[in-house]
Amino acid sequence: MALLTVIDVLMMVVGGVGIIYQAICVIMSLFSKPVHFPDAPMDKRYAVLISARNEENVIGNLIDSLHNQTYPSKLIDIWLVADNCTDRTAEVVREMGCHVVERHDTELIGKGYALSYLLSSMIDSGAADDYDAYFVFDADNRLDRHYVEEMNKAFQSGFRILTSYRNSVNLADNWVSSGSALWFIRESRFLNNSRMILGSSCHVGGTGFMFSREVMRRNRGWKFHLLTEDLEFTMDSILHGDRIGYCGTAMLYDEQPVTFQQSWRQRLRWSKGFLQVFRYYGMALIKRAVRERDFSSVDFTLLLCPFTVLGVIRIVLGLLFVAFGFVTWQSQLSAIAGWAFDIVLAVVTMMALAALTIVAERDHIGATNKELFAYVLSFPIYMLSYMPISFQAIFSKAQWKPIVHKG
């Protein structure tokens, strides 16, 4: 009985602290001025790293947006790894004047391995040392024309690792794409923006981030190969004492999945990746949080906390205790009723959060008011689907699989 109480209290305390922290971040973001970086000379040399697998239909959009930057084009070199491509991705990119490295490996699959191969090739050739920092983008991305200029300001202000504002090119396609897009916009506006105000570290997303030459050398290229290599990179950087910055004036547009099947598969990989990262980095983060009194480590411990695993353990133990007569069915049914109430409250909260995100970022969201109203109502469905996804992630062997982009 005591063990069940401990788990209940742990989930309640950690969950409550997480909710309070999120609420504080939202309030701060609404009423505090965002961090702006001063003008800086446009004299740094940057490499753009892109991992692409059969992306001939969309890669041109990203490269065109890079060629049209307000930052001097002579100081931006584009490097693409054509990862197990069977289409004309490599040829298209070469014709656009970019560097291409082709990779053929059907055993080590995933973006992390592709980036490792690309940076290793650049290091071996001596090209890697020509750059002050490296951007990472996905093939389906598009950039605001001031993107590199704005990130350069933040980089020259002293940050060695930076992430940017992640928007969407297809938020208005349907409820699936809108759910994913609103989640990322919420993270940019209400989490990373508030972390900057608090002076803590931000979270690197899977695309639209940069790191310095010193960080590249420390990592000997790219050493992150878990299913969520971006999250792994974030945790490793936090443990090295880096403060990851956020540049809200640098806007990137990402293409979100439009079918529920694609979204499910993508989020299953993310959920499995979160469990992997917690396994390898969770205890180190907790130790750093205690020893160094590092708020960023506390923040990301809350982010990684495997609530679904704890929930499954709690249910299994509850059933076993009932079977052996240690507790009554009535007590366990009461606990389940409490969880049901929490779920209903979560649905209402998520609708409010989606609505608040839309109101706060209306100028950056391309959809009609009618569409946005519908997406506020559907956002809880998108978020609640994480429950079975997270449950499946505990037992599945999720692997990286490409998502088809239409451009």
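Any value given below was found using the heavy atoms of this structure, including those in side chains, with hydrogens, waters and symmetry copies removed. All of these numbers come straight from a predicted model, not from anything done at the bench.
Taking the ring-ring contact (aromatic ring centres under 6.0 Å, His included) definition, one finds that Phe31 meets it with nothing, sequence neighbours left out. The salt bridge (Lys or Arg N to Asp or Glu O under 4.0 Å) test applied to Asp105 returns Arg103, not counting sequence neighbours.
Using a 4.0 Å cut-off between charged nitrogen and carboxylate oxygen, Glu187 and Arg195 do not count as a salt-bridge pair. Between Lys223 and Glu229 no salt bridge is recorded (no basic side-chain N to carboxylate O distance below 4.0 Å). Remark: Arg217 engages Asp129 in a salt bridge, criterion side-chain N to carboxylate O under 4.0 Å. A salt bridge does not link Asp64 with Arg142: every distance from a Lys NZ or Arg NE/NH1/NH2 to an Asp or Glu carboxylate oxygen is 4.0 Å or more. In this structure, Asp294 pairs ionically with Arg288, as a charged nitrogen and a carboxylate oxygen lie closer than 4.0 Å.
The minimum heavy-atom distance between Lys272 and Ser396, with the atom names listed, is NZ-O, 2.8 Å. For Ser297 against Leu285, the heavy-atom pair with the smallest separation is CB-O, 3.5 Å. When all heavy atoms of Ile381 and Trp175 are compared, the pair lying nearest together is CG2-CZ3, 4.0 Å. Between Asn174 and Ser177, the shortest heavy-atom contact is OD1-N, 2.9 Å. Heavy-atom minimum distance, Ala52 versus Thr89: CB-CG2, 4.0 Å. Closest heavy-atom contact between Tyr246 and Cys202: CB-SG, 3.5 Å.
In Phe391, the CZ atom is not crowded: 12 or fewer heavy atoms of neighbouring residues, nucleotides or ligands sit closer than 6.0 Å. In this structure, Arg220 places its CZ atom where only 12 or fewer heavy-atom neighbours from other residues, nucleotides or ligands lie under 6.0 Å away. When the shell of 6.0 Å around CH2 of Trp270 is examined, it contains more than 12 heavy atoms from other residues, nucleotides or ligands. More than 12 non-hydrogen atoms from other residues, nucleotides or ligands lie less than 6.0 angstrom from CZ of Arg94.
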>> Using the rule given for side-chain contact (heavy atoms from CB on, under 4.5 Å), can you reason through His203 versus Leu191, listing the C-alpha separation, both sets of side-chain angles and the distance that settles it, and then say yes or no?
In response: CA-CA 9 Å; His203 172 214; Leu191 272 185; over 6 Å; no

> Would Met28 and Phe190 satisfy side-chain contact (heavy atoms from CB on, under 4.5 Å), going step by step from the backbone distance to the final call?
Replying inline: CA-CA 8 Å; Met28 288 188 62; Phe190 293 133; over 6 Å; no

>> Determine whether Arg45 and Asp77 satisfy the following criterion, salt bridge (Lys or Arg N to Asp or Glu O under 4.0 Å), listing intermediate values before the conclusion.
In response: CA-CA 8 Å; Arg45 189 171 183 85; Asp77 288 342; 2.9 Å; yes

>> What verdict does the salt bridge (Lys or Arg N to Asp or Glu O under 4.0 Å) test give for Lys111 and Asp230, after you've listed the backbone C-alpha separation in whole Å, the side-chain angles of each residue and the deciding distance to 0.1 Å?
In response: CA-CA 10 Å; Lys111 181 180 174 181; Asp230 56 328; over 6 Å; no

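There is a side-chain donor-acceptor pair under 3.5 Å between Gln156 and Asp43. Checking Glu149 against Thr70 by side-chain atom types alone, a donor-acceptor pair falls below 3.5 Å. Judged purely by distance below 3.5 Å, without hydrogens or angles, the side chains of Tyr131 and Trp79 pair a donor atom with an acceptor atom. A donor-acceptor pair shorter than 3.5 Å can be found between the side chains of Asn193 and Ser29. Side-chain atoms of Asp299 and Ser201 include no donor-acceptor pair closer than 3.5 Å. Under the 3.5 Å distance criterion, with hydrogens and angles disregarded, a donor-acceptor pair is assigned to the side chains of Ser263 and Arg267. A donor-acceptor pair shorter than 3.5 Å cannot be found between the side chains of Asp254 and Ser168. Residues Ser237 and Arg243 have side chains that never bring a donor and an acceptor to within less than 3.5 angstrom of each other. Between the side chains of His225 and Ser116, at least one donor N or O lies within less than 3.5 Å of an accepting N or O. A donor-acceptor pair shorter than 3.5 Å can be found between the side chains of Ser180 and Gln256. No side-chain donor-acceptor contact under 3.5 Å links Gln261 and Thr259.
Atom CD of Glu361 is separated from atom CZ of Arg186 by 12.0 Å, given to the nearest 0.5 angstrom. Atom-to-atom distance recorded for Phe209:CZ and Leu49:CG is 8.5 Å, nearest 0.5 angstrom. The CD1 atom of Ile76 sits 15.0 Å away from atom NZ of Lys44, with the distance rounded to the nearest 0.5 Å. Atom CG of residue Leu182 and atom CG of residue Leu356 lie 11.5 Å apart, to the nearest 0.5 angstrom. Considering CG of Asn84 and CD1 of Ile109, their distance stands at 7.0 Å, rounded to 0.5 Å.
Ring planes of Tyr46 and Tyr71: tilted class, angle from 30 to 60°. Using the six-membered ring where Trp is involved, Phe379 and Tyr382 have ring planes that are parallel, under 30° apart on the 30 and 60° scheme.
Listed by first then second residue, pairs satisfying ring pair (Phe, Tyr, Trp, His ring centres under 6.0 Å) with a partner in residues 281-302 read Tyr21-Phe295, not counting sequence neighbours.
Thr301 is not listed as a side-chain neighbour of Leu303, based on a closest heavy-atom distance of 4.5 Å or more. Annotation: side chain of Leu171 is in contact with side chain of Leu372 (closest heavy-atom distance under 4.5 Å).
With ring centers used as reference points, Phe137 lies under 6.0 Å from Tyr147. Close placement of the Phe211 and Tyr134 rings is indicated, their centers lying within 6.0 Å of each other. Ring pair Trp222/Phe233: centre-to-centre distance below 6.0 Å.
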